[in-house]
Amino acid sequence: MYRVCFFLLLLCVGLKGSAQSASSFVFTHYSTKDGLAANELYKVQQDREGFLWIATSNGLQRFDGVRFRTFRHEEGNANSLPSNVIQRLFIDKNDVLWGATGKAEFFQFDKSRFTYRQIPVRAAHPEKMLSNETMFVPDENGHLFLLTLGSELLAYDEKKNEFSQEANFIPLPKTWGVTALVQQPGTQKYWLGLQSGGIAIYNRQTGNLSYYGHNVEHEPAIELWGTQMIFFHPLFDKKNHLWAVTWGPGIPLYVQYNLQRPTEPLKISNFWGRIPTYHELNGFVEQSDGRIWIKGLNALAYFDEQVNDFVVVKPSGSDESGIKYEGLSALFEDRDKNLWAGTNNNGLYRFNPSTQIFTNVLHPRRFVKAQTGTGAVMSFIQLKNGSVLSGTWEDAMFQYTKDLKPLPLPAKMPFLLANAYAWSMCASGDSNSIWMGAQPGFWQYNQQAQTARFYDPPVMEKRTVRQIAEDKTGTLWLGTHNFGLFRCVQPKREGKDSVVRVGEVGTSLINKLMADSKGLVWVGTSDKGLYVYDAASARLLHHYYVGINGNDAAPGCSVTCLLEYNDSLVFVADDSRLYSYNRNTATLRVRRITGSVAGTISAMEKDDDGFIWISTTGALYRIHPTNKTAMVFNRQDGILNDQFVLGSSYRLRDGRLLFGTNNSFVAFDPKVAGAMAAAPSIRITSLQVGPQELPVDSVLQLKQLLLTAKNNALAVEFSSLQYNALYPIQYKMENIDNDWRFADADNKVTYPYLPPGHYRLLLRAYKPDGQPAGVTELRIQVKPPWYQTWWFYTLVALAFVIELWWLDRQRSKRKESMQKVRTDIAANLHEEVNTALNNINILSEIARLKSDREPQKAKEYLEQIHTKSHNMIIALDDMLWSLDPENDSMKKTVSRIREFADALMQRHGTLIELLIDKKVEKLELNMKLRHEAFLLFKEGLRSLVEAGTPHCIVHLTAERNKLFFSIEFANEGCDMQQLNNLLQRHDMEVRIQALRAKLDVQLHKSRSMFLLQLPLG
């Protein structure tokens, strides 16, 4: 009887919940295409720094918002994970990462060094850890339990570094199988689920263990739960409720227990009828704002306080902004209130239900209300009663409340108007009429009477009116699709209205019309730029178009947006650039936007704070008009469709903005959307020097990173560790980069070569409001090569000084030596001259005495005087020639030898052959050596010629640091006695010994040779 009633209760509860509908959330999807190691996930956690850690079937991963880093088993590396299937993951309050593999290998993972440390487990039934689910369970006091579902409960012993039953302070009977464990917040009570059914509560303060049939502390929950239901996946929320999962007859149940009213019956419910397929429930998550979520196989739902029940988030079909799942194995809230949903076969999803800034409004298909429309939302207008009309392509017109809830169209609105394609709408100056551009023609809608009048002037040839605007005179300006611009004068006076073409525009397609507060009408065309007209006279005042203005300050062919910003400024946009027109100076200039704009500019509105909101075909931007900085929003921020439609935007009276997309429209409060969270600090996530990756935490503890001259290639990866992508990142390497640069999408900067020196790599979040953000700094020093170090430069300088000193000393020595040579030569000259003069003096005196008595003798003495004076002149000439600096080379000496030989041949008729090697001319000999060698050569050659030799061969060469001087001569006719006297002369022996020379005389019958070896060292 109990089971029948229980089943009926479940059925009723299930039917009660079937009327609930799911709320709309925008999900961002990550799969293996984005870097996930596998699409099968088990757990998601966030560490203290902000990194996400993900347990997958193909390794452990770390995610920084940009890139996934994967850790797997590596053969031969004991510090790597033991296997790749990571099924359990938990980060405790000390920021320690715990994990377990599919083979029940439990471990700690060092998040800085990326190393594995095994944690032994001493279990009574280790085999059940392979077949049953295991989980890490912490308490408020820092204890960590390891629960094997339906089996035993172990605790971590920090001293022994192991999980064991001995470390578990909860006194459980050995026969009990445990299905759940949770500590009641703020107490010492531990709630346990029992495999046999029911719950047990251990009070550590009293030491009492209470359970059904032994409720020593009279816990009402034990009695209410009984023993019929097994207690799974418990959660105590902030409102003092206990949530748990159990099973009924073939169906999972969720249970709510109110601790503030402990005797009230349990609230038991299920998803019968709301989840049409088989499903299981495997856990609860409470967000920081108190919202409760439940997940499981084919199950994801949140608790709605207004309806007091769970609302199912259904898997999406082809909608890429939804979530596709069969099973949810992980649901985790990060510190930015993002929820991360890990699936068992479709990767990872992120969404933020707490901060959904944008309202995405979809509309039904025309005549098929059960299906979502696909027509683009082209126009908006807010009526006098505050409701909003929206015109769409293909799906006609819709009406919404001020809160943008669907409303039926006004009952009296004509059917044709209700089903017209309203390309654009504008309010008339009478505060009652609404003008609507249609396809074809245009409409006038009377709000008060709810009547409408249709205009289709023949002159317009049934063309589509894309844009419509009423100027200050009440004249309508009509922009068509590829048929130019028209004016409708007195449009409200039926029969007296007239439509005329504005000729200057030709047949251009009109993208945008704007009648401003100064009596001007601005016309943006698709192919001829911007036209500005005087509304009263329809006279063309200005035409701005790069084709005719020929400069960068003029817009391109297609002007897409126009916005009257204030009394002096009008903003104009073409496909990709923003311009400002100053009405006071009649000048147009480019407003460059920091960063690139994705897609083609579509529409533009101004908010109450003066920011300009620009929609494009790829994103939504908030532009600061002064510093031109941009804040970008896209699908990651909750915009369902960020492909915005040309010219589709509107500002509601309460300041909210509307922008149309190709199948919906987006509404938001710009004050809320533009409110920026505190700029995050930038975290360096990876450092690579050359091919080697460095441990980031260790490097950041250093005063500076030291690089060598041979290993100075640096690659740095970084992240804001914010997953909503609100802030781009800038970097700057001081002494390399002149200004801040925006990081690429991968948040990585590479410097292939850093010259020796000191650097600072600066990183900061870029704030769109222009205010400086906090800077992350990495100091770097690149050591120079040894030949560029200070000590090497010092040694080089010292060596240079020593070299200069040595050269100066050698120069001084050479100078002294040269001076000594010159002095010696001068002394010899003085001696020879003095001797010769003395001899001449004596001979001249003798000749004078004998001139009268012995004239013949006097004549002989005079001949001797002539000879000696001639020899003295020759010797004097030789010495003076040697002293002349111009003759200070061996080449000059060789020339002198040739001159002397030629003179001998001419005077005596002797044939002299000179054989002088070229290398002799290149010898560098000092003056004395050259002079003495020349004198030896001269004396020897002259003596041979005077001895009567008819022919001689002179050979002069240099080898092995010696100068060889040889004379080969013919003996015939030669006075050998005279030659012998020459060799016996004392002055010749003195010269030879002074030069340390060796003389070798070889005498033969017909020819002889003198060989003189003169050392050059």
Side-chain angles (χ1 to χ4, degrees), residues 46-52 62-67 69 334-336 338 355 592-598 611 619 621-634 636-637 673-689 694-705 707 714-752 754 757-782:
Q46 186 175 37
D47 65 20
R48 191 173 292 165
E49 290 187 80
F51 290 105
L52 282 185
R62 190 188 75 175
F63 183 48
D64 61 13
V66 177
R67 63 188 61 81
R69 178 163 187 168
D334 67 19
R335 62 188 183 186
D336 295 323
N338 296 301
T355 57
R592 303 197 183 276
I593 302 170
T594 303
S596 59
V597 175
F611 289 99
Y621 294 85
R622 191 194 74 167
I623 309 297
H624 194 290
T626 303
N627 59 30
K628 296 163 284 186
T629 55
M631 190 174 185
V632 60
F633 302 89
N634 50 35
Q636 292 188 356
D637 303 295
M676 295 178 294
S681 59
I682 306 304
R683 174 68 159 85
I684 295 175
T685 59
S686 176
L687 278 170
Q688 188 169 337
V689 176
L694 305 180
V696 175
D697 290 344
S698 300
V699 171
L700 294 180
Q701 291 176 4
L702 303 174
K703 291 183 178 180
Q704 62 181 2
L705 173 62
L707 306 181
L714 181 66
V716 182
E717 296 176 355
F718 42 85
S719 171
S720 65
L721 295 180
Q722 274 197 340
Y723 301 94
N724 292 325
L726 286 177
Y727 293 99
I729 298 176
Q730 292 181 309
Y731 70 91
K732 179 182 179 183
M733 179 72 82
E734 287 188 348
N735 298 328
I736 295 289
D737 300 320
N738 295 326
D739 204 354
W740 288 92
R741 301 186 178 199
F742 281 96
D744 294 333
D746 60 355
N747 281 355
K748 181 178 180 179
V749 59
T750 301
Y751 293 92
L754 285 176
H758 290 80
Y759 303 93
R760 286 199 311 157
L761 177 61
L762 306 178
L763 304 168
R764 71 180 183 186
Y766 171 70
K767 298 181 67 176
D769 59 2
Q771 297 299 317
V775 175
T776 298
E777 173 186 296
L778 174 64
R779 292 182 178 270
I780 304 164
Q781 180 186 356
V782 181

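Values below: every heavy atom of this structure, side chains too, minus hydrogens, waters and symmetry copies.
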Quiz item: Does some side-chain heavy atom of Gln46 sit less than 4.5 Å from a side-chain heavy atom of Phe51?
Solution: no

Quiz item: Does Tyr723 have its ring centroid less than 6.0 Å away from the ring centroid of Phe63?
Solution: yes

Practice problem: Any chance you could measure Leu721, atom CG, to Arg683, atom CZ, to the nearest 0.5 Å? | Solution: 7.5 Å

Practice problem: Would you name the heavy atoms of Ala630 and Ile623 that are closest together and state the gap between them? | Solution: CB-CD1, 3.6 Å

Quiz item: Checking side chain to side chain contact (heavy atoms under 4.5 Å, CB included) for the pair Phe718/Leu761: CA distance, chi angles, key distance, verdict?
Solution: CA-CA 12 Å; Phe718 42 85; Leu761 177 61; 5.8 Å; no

Practice problem: Output, in order, the C-alpha distance, side-chain angles, deciding distance and verdict of side chain to side chain contact (heavy atoms under 4.5 Å, CB included) for Leu763 and Ile684. | Solution: CA-CA 9 Å; Leu763 304 168; Ile684 295 175; 3.8 Å; yes

Self-check item: Approximate separation, where rounding is to 0.5 Å, of Glu49 CD and Ser681 OG
Solution: 9.5 Å

Practice problem: List the steps and the verdict of side chain to side chain contact (heavy atoms under 4.5 Å, CB included) for Gln722 and Asp336. | Solution: CA-CA 7 Å; Gln722 274 197 340; Asp336 295 323; 3.8 Å; yes

Quiz prompt | Smallest separation among heavy atoms of Ala673 and Met631, with atom names | solution = O-CE, 4.2 Å

Quiz item: For the atom pair CD (Glu717) and CG (Leu687), what is the distance rounded to the nearest 0.5 Å?
Solution: 9.0 Å

Quiz item: Do Arg779 and Glu777 meet the salt-bridge criterion of a basic N to acidic O distance under 4.0 Å?
Solution: yes

Quiz item: Are the side chains of Thr685 and Arg62 in touch, meaning some heavy atoms are under 4.5 Å apart?
Solution: yes

Self-check item: Note, Leu778 side chain near Gln704 side chain (heavy atom, < 4.5 Å)
Solution: no

Quiz item: What's the verdict on side chain to side chain contact (heavy atoms under 4.5 Å, CB included) for Val716 and Tyr751, showing C-alpha distance, side-chain angles and the deciding distance?
Solution: CA-CA 9 Å; Val716 182; Tyr751 293 92; over 6 Å; no

Quiz prompt | Between CG on residue Asn338 and CG on residue Leu52, distance to nearest 0.5 Å | solution = 8.5 Å

Quiz item: Do Leu714 and Thr750 have side chains that get closer than 4.5 Å, going by heavy atoms?
Solution: no

Quiz prompt | N/O donor-acceptor pair under 3.5 Å between Asp744 side chain and Asn747 backbone | solution = no

Quiz item: Taking the side chain as C-beta and beyond, is there a heavy-atom pair between Ile780 and Met733 under 4.5 Å?
Solution: yes

Quiz item: For the atom pair CG (Leu700) and CG (Leu702), what is the distance rounded to the nearest 0.5 Å?
Solution: 8.5 Å

Self-check item: Side-chain touch Tyr731/Lys748, heavy atoms, less than 4.5 angstrom
Solution: no

Practice problem: For Tyr759 and Glu734, work out which heavy atoms get closest and say how close. | Solution: CD2-O, 3.3 Å

Quiz item: Taking side chain as C-beta onward, heavy atoms only, is Leu694 less than 4.5 Å from Leu705?
Solution: yes

Quiz item: Roughly how far, to the nearest 0.5 Å, is the CD1 atom of Ile736 from the CZ atom of Arg741?
Solution: 9.5 Å

Practice problem: Report yes or no: does Ser720 contribute a side-chain atom to a donor-acceptor pair with the main-chain N or O of Pro680 at less than 3.5 Å? | Solution: no

Self-check item: No-hydrogen, no-angle side-chain donor-acceptor test under 3.5 Å, Tyr621 and Asn634
Solution: no

Practice problem: Measure across Ala619 and Val632 and return the closest heavy-atom pair with its distance rounded to 0.1 Å. | Solution: CB-CG2, 3.8 Å

Quiz item: Under a 4.5 Å cut-off applied to non-hydrogen side-chain atoms, are Phe742 and Ile729 in contact?
Solution: no

